[in-house]
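Scroll down for the structure; my scribbles are underneath it.
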Amino acid sequence: MRPQQVSASAWFVQGLSALGSPANQNFISNAGFVITRDGVVVIDALGSPALAERLLAEIRRRTDKPVTHVILTHYHADHIYGLQVFKSAGAKIIAHQAAREYLASDTARLRLEASRTELAPWIDANTRLVQPDVWLAGPTDLEVGGVQLQVRPVGPSHTPEDLAIYLPGERVLFAGDLVFRNRIPYVGQADSRHWIGALDQLLAFGATAIVPGHGPLSTEARKDMELTRDYLLHLRRVMGEAAKNMEPFDDAYKAADWSRFQAMPLFGVANRMNAYNTYLLMERETP
Ligand SMILES: [Zn+2]
């Protein structure tokens with residue numbers, strides 16, 4: 001874990017393009033931090049308490065200011081299992097209120113239970129789901145130690161509760177999982193139609209640097225968002241056609257041309273499920 005400096009105040013650490021495993025401590029997502037005169041704002045809490053401890057240690061090497069806030073781009077496991085570390089350090093946790101339903105769900109509880117086995121010993125009986133201290137309902141501006149942060153809802157896209165965080169003074173955008181780079185995006189229960197639209201919302205910030213939820217820093221916003229957008233468009237086109245013609249999923253999946261995405265990391269483990277979820281979504285969207 002080596003923090004990379006993005007601008008005067010903004011930094012991030014880059015997770016691996018892989019599935020979470022005991023070998024990588026679930027270090028598969030990015031997290032950011034913004035060092036200000038008065039405190040540090042962390043963006044996403046990484047995928048295990050051990051990773052969050054390491055991130056906190058890296059922050060400590062650069063400033064003695066306290067971590068005052070953690071802003072969550074969304075409540076997926078790989079971005080939140082480190083939360084308790086920042087909570088104990090005294091940080092205020094901020095998330096969008098659309099995550100309430102997921103946090104209270106069996107899905108979240110069962111996901112954590114499964115992770116205690118799959119990601120042992122990094123996720124264990126002491127790892128818990130941490131509730132935010134502040135639920136956001138809409139666009140919110142935050143000023144910490146002279147640094148402006150624009151916190152903007154961009155969901156329902158990747159998740160209902162997606163937030164993007166923009167630093168207008170430094171033109172840095174933390175895009176969460178609306179932007180994936182160097183790997184096949186994780187689609188899950190996403191609203192891909194709205195997600196594609198939200199990418200335009202992100203472009204409108206005019207950021208010169210974008211920290212994605214997964215993968216390396218982007219300095220060419222439009223070009224680097226293409227993978228995510230084209231992949232979602234392709235899924236929707238192919239699966240939308242199949243749903244409309246009531247073609248069985250398996251046949252449509254086999255017949256589809258995946259050549260453009262096949263060589264990307266995580267294609268093998270993620271593509272079929274992404275396609276299937278999109279097939280179900282397109283069935284619902286088809287009148
Ligand atoms: Zn993620």
Side-chain angles (χ1 to χ4, degrees), residues 1 12-21 24-33 42-52 55 70-83 86 93-96 98-99 102-103 105 107-108 111-112 114-115 118-119 122-123 127 129-130 132 153-165 173-192 194-196 198-199 202 210-218 224-225 227-229 231-232 235 261 264-271 273-274 277-278:
M1 184 183 294
F12 85 110
V13 294
Q14 186 186 330
L16 307 166
S17 286
L19 283 187
S21 71
N24 62 33
Q25 301 184 5
N26 209 22
F27 189 26
I28 60 165
S29 63
N30 300 344
F33 55 98
V42 169
I43 295 156
D44 286 345
L46 297 174
S48 60
L51 287 174
L55 177 58
V70 178
I71 307 173
L72 293 172
T73 62
H74 63 300
Y75 251 93
H76 276 168
D78 51 328
H79 301 258
I80 61 154
Y81 283 166
L83 267 182
F86 297 106
I93 294 156
I94 300 173
H96 188 273
Y102 174 74
L103 252 185
S105 69
T107 314
R111 171 78 263 158
L112 176 57
S115 297
E118 289 159 15
L119 297 169
W122 307 106
I123 303 297
T127 314
L129 292 167
V130 177
V154 286
S157 297
H158 181 68
T159 65
E161 70 271 18
D162 295 311
L163 290 176
I165 296 95
L173 176 69
F174 291 91
D177 279 8
L178 264 62
V179 180
F180 278 79
R181 299 195 61 210
N182 289 10
R183 56 158 280 188
I184 288 292
Y186 172 70
V187 172
Q189 305 307 310
D191 178 342
S192 50
H194 197 263
W195 184 346
I196 291 164
L199 291 174
L202 295 189
I210 296 179
V211 179
H214 298 264
L217 183 74
S218 156
D224 293 336
M225 282 184 201
L227 162 72
T228 307
R229 199 197 46 215
Y231 180 66
L232 295 175
L235 285 178
F261 306 103
M264 301 211 64
L266 299 179
F267 178 88
V269 293
N271 191 62
M273 189 51 81
N274 286 342
N277 282 327
T278 306

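These numbers were taken from a predicted model, which means no experiment stands behind them. Note that ligands are numbered from 1 as they come in the structure, with each ligand's atoms numbered from 1 the same way. When reading the values below, keep in mind they use all heavy atoms of this one structure, side chains included, and skip hydrogens, waters and symmetry mates.
The shortest distance between side-chain heavy atoms of F174 and N30 does not fall below 4.5 Å.
Taking the Zn ion (ligand 1) as reference, the nearest N/O/S atom within D78 carries the name OD2.
Note on ring orientation: taking the six-membered ring where Trp is involved, the planes of W195 and F180 are tilted (angle from 30° to 60°).
H74 lies apart from the Zn ion (ligand 1) in this respect, since none of its N, O or S atoms is found at a distance under 2.8 Å.
In this model, a donor atom of one side chain and an acceptor atom of the other lie less than 3.5 Å apart for D177 and H214.
With a 6.0 Å radius and a threshold of 12 heavy atoms from other residues, nucleotides or ligands, M1 has its CE atom above the threshold.
Between H79 atom NE2 and D177 atom OD2, the angle centred on the Zn ion (ligand 1) amounts to 100° (nearest 10°).
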